[in-house]
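Everything quoted here is computed from the prediction, not taken from an experiment. Numbers here simply count residues along the sequence, with the first being 1.
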Amino acid sequence: MPRLSEVIAALENLWPAERAESWDAVGTVVGDPDQEVTRVLFAVDPVRETVDEAVKLGADLLVTHHPLYLRGTTTVAADHFKGRAVHTLIKNDIALHVAHTNADTADPGVSDALAGALDLRVVRPLVPDPTDPAGRRGIGRVCELDHPVTVRELAARAAERLPATAQGIRVAGDPEAVVRTIAVSGGSGDSLFDQVRAAGVDAFLTADLRHHPASEAVAHSPLALLDAAHWATEWPWCELAASQLDEISDRHGWDLRVHVSKTVTDPWTAHAASIATSS
């Protein structure tokens with residue numbers, strides 16, 4: 001059985017911490033480097049539900065996409081939900097490791113997994129990483145479809161292929177417009193509209209689109225917008241990451257048991273559709 005330090009070294013090779021944004025908080029949050037690891041759980045969020053799932057599973061390591069302490073802290077007291085998570089992890093000898101923006105830009109990364117879930121062919125990064133001479137790393141992906149579909153059909157595909165959430169898929173633009181090329185970016189993507197327009201794609205699928213940026217984006221061009229739940233656009237990465245660690249485990253003879261959490265940790269829990277009424 002490998003030690004935690006060996007598994008973390010393998011994860012850092014996949015998602016080097018130095019490739020994270022300067023504001024990000026990635027890496028190992030809790031864990032004894034010398035502890036043995038036999039079971040690993042991947043999840044999007046380090047919240048009570050996934051921490052409890054790791055305990056119930058008997059995991060030795062929880063790997064999440066989102067950081068536990070993104071903006072730092074002065075306490076891990078258990079009277080706060082983040083402190084309770086730390087206490088629960090330590091009491092149960094479970095390490096926590098985070099791969100956030102360093103997993104976003106990886107090759108393959110979060111947006112590759114999103115494209116794969118929708119059967120899209122990745123052409124190039126939307127925002128290339130200037131430090132990658134191969135031009136494969138970066139934020140978002142520009143993709144092609146095997147055959148043209150309407151925006152409505154593409155939204156239905158996303159609703160079917162991505163994990164179910166209360167939000168589902170919101171659409172801005174003409175539902176009957178034809179889509180041949182699309183940009184995707186897992187997580188919040190409305191800071192990328194300039195790059196999306198420059199890419200000349202027919203549609204953009206991401207999450208957390210706000211009113212004003214979305215309104216201005218559709219006013220600029222016929223670009224169609226598909227807005228999914230943040231958690232749903234990043235969950236496919238958990239399956240990709242788990243398969244990568246499985247391959248590493250097989251290569252090293254570690255015999256790790258690698259799991260992906262299917263617990264929905266999207267914060268929105270219900271949706272009431274608007275009902276049209278006559279005046």
Self-check item: Residue pair His66, Val98: steps toward the side chain to side chain contact (heavy atoms under 4.5 Å, CB included) verdict
Solution: CA-CA 7 Å; His66 289 152; Val98 173; over 6 Å; no
Do the side chain of [X] and the main chain of [Y] share a donor and acceptor less than 3.5 angstrom apart?
{"X": "Asp227", "Y": "Arg170", "value": "no"}
{"X": "Ser249", "Y": "Leu256", "value": "yes"}
{"X": "Thr64", "Y": "Asp45", "value": "no"}
{"X": "Thr28", "Y": "Val30", "value": "no"}
{"X": "Gln35", "Y": "Asp32", "value": "yes"}
{"X": "Glu216", "Y": "Pro213", "value": "no"}
{"X": "Asn102", "Y": "His100", "value": "yes"}
{"X": "Asn92", "Y": "Thr88", "value": "yes"}

Quiz item: What's the spacing between Ser243 OG and Leu240 CG if we round to 0.5 Å?
Solution: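 With rounding to 0.5 Å, OG (Ser243) is 5.0 Å from CG (Leu240).
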Nearest atoms (heavy-atom pairs only) where [X] meets [Y]:
{"X": "Ala43", "Y": "Cys238", "value": "C-SG, 3.5 Å"}
{"X": "Thr233", "Y": "Gly187", "value": "OG1-N, 2.8 Å"}
{"X": "Leu4", "Y": "Ala95", "value": "CD2-CB, 3.6 Å"}
{"X": "Ala229", "Y": "Ala207", "value": "C-CB, 3.9 Å"}
{"X": "Gly140", "Y": "Ser111", "value": "CA-OG, 3.5 Å"}
{"X": "Ala242", "Y": "Val258", "value": "CB-CG1, 3.6 Å"}

Exercise. Applying side-chain contact (heavy atoms from CB on, under 4.5 Å) between His230 and each of Thr206, Asp208, Thr165, Val44, report the one that passes.
Key: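 Per the side-chain contact (heavy atoms from CB on, under 4.5 Å) rule, the option paired with His230 is Asp208, out of Thr206, Asp208, Thr165, Val44.
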Which residues satisfy the side chain to side chain donor-acceptor pair (under 3.5 Å) test with [X], sequence neighbours excluded?
{"X": "Arg251", "answer": "Glu247"}
{"X": "Asp34", "answer": "Arg3"}
{"X": "Arg257", "answer": "none"}

Quiz item: Residues in ring-ring contact (aromatic ring centres under 6.0 Å, His included) with His220, at least two apart?
Solution: none
Quiz item: Under the ring-ring contact (aromatic ring centres under 6.0 Å, His included) test, which residues partner His259, sequence neighbours left out?
Solution: none
Pair [X]-[Y], side-chain donor/acceptor within less than 3.5 Å:
{"X": "Thr150", "Y": "Glu176", "value": "no"}
{"X": "His252", "Y": "Glu6", "value": "no"}
{"X": "Thr131", "Y": "Arg137", "value": "yes"}

Exercise. Evaluate whether atom CZ of Arg180 has more than 12 neighbouring non-hydrogen atoms of other residues, nucleotides or ligands under 6.0 angstrom away.
Key: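 No, not enclosed.
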Practice problem: Can you establish whether the number of heavy atoms outside Arg136 located under 6.0 Å from its atom CZ is more than 12? | Solution: no
Within a strict 4.5 Å, meaning less than it, do heavy atoms of the [X] and [Y] side chains meet?
{"X": "Ile94", "Y": "Val55", "value": "yes"}
{"X": "Ile8", "Y": "His97", "value": "yes"}
{"X": "Leu41", "Y": "Leu61", "value": "no"}

Practice problem: If the plane angle is over 60° it's perpendicular, under 30° parallel, otherwise tilted; pick one for Trp231 and Trp235. | Solution: tilted
Quiz item: What is the ring orientation for His65 with Trp237, classed by angle as parallel under 30°, tilted 30 to 60°, or perpendicular over 60°?
Solution: tilted
Under 4.5 Å between side-chain heavy atoms, chaining through other members, with only Ile, Leu, Val, Met, Phe, Trp and Tyr counted: pull out the rest of the cluster around [X], sorted by chain and number.
{"X": "Phe204", "value": "Leu126, Val127, Ile139, Val142, Leu192, Phe193, Val196, Val201, Leu209, Val218, Leu223, Leu225"}
{"X": "Val123", "value": "none"}
{"X": "Leu154", "value": "Leu114, Leu118, Leu120, Leu145, Val149, Val151, Leu162, Ile169, Val171, Val179, Ile182, Val184, Leu205, Leu226"}

Practice problem: Give the intermediate values and the outcome of side chain to side chain contact (heavy atoms under 4.5 Å, CB included) for residues Arg161 and Asp119. | Solution: CA-CA 9 Å; Arg161 303 286 183 83; Asp119 283 340; 2.9 Å; yes
Quiz item: For Asp202, what residues pass the salt bridge (charged side-chain N to carboxylate O under 4.0 Å, His left out) criterion, not counting sequence neighbours?
Solution: none
Practice problem: Determine which pairs satisfy salt bridge (charged side-chain N to carboxylate O under 4.0 Å, His left out) with at least one residue from residues 57-80, sequence neighbours left out, and list them in order. | Solution: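 Applying salt bridge (charged side-chain N to carboxylate O under 4.0 Å, His left out) to every pair that reaches into residues 57-80, excluding sequence neighbours, yields nothing.
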Quiz item: Would you call Arg141-Asp112 a salt bridge at under 4.0 Å N-O?
Solution: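 Yes, charged N to carboxylate O under 4.0 Å.
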Would [X] and [Y] show up in the same hydrophobic cluster when neighbours are defined by side-chain heavy atoms closer than 4.5 Å?
{"X": "Val63", "Y": "Val47", "answer": "no"}
{"X": "Trp268", "Y": "Val264", "answer": "no"}
{"X": "Val260", "Y": "Leu57", "answer": "no"}

Exercise. Would you list the pairs meeting ring pair (Phe, Tyr, Trp, His ring centres under 6.0 Å) in which at least one residue belongs to residues 73-92, sequence neighbours left out?
Key: none
Quiz item: Can Leu62 and Phe42 be said to form a side chain to side chain contact (heavy atoms under 4.5 Å, CB included), step by step?
Solution: CA-CA 6 Å; Leu62 172 62; Phe42 282 87; over 6 Å; no
What donor-acceptor contacts under 3.5 angstrom involve side-chain atoms of residues 9-16, with partners at least two apart or in another chain?
{"unit_1": "Glu12", "atom_1": "OE1", "unit_2": "Ala17", "atom_2": "N", "d": "3.1"}

Quiz prompt | Chi angles and distances behind the side-chain hydrogen bond (donor to acceptor under 3.5 Å, both in side chains) call for Glu49, Thr265 | solution = CA-CA 8 Å; Glu49 292 86 350; Thr265 54; over 6 Å; no
Quiz item: Would Lys82 and Val76 count as a side chain to side chain contact (heavy atoms under 4.5 Å, CB included) if you check the C-alpha gap in whole Å, the side-chain angles of each, and the deciding distance to 0.1 Å?
Solution: CA-CA 7 Å; Lys82 292 190 177 186; Val76 292; over 6 Å; no
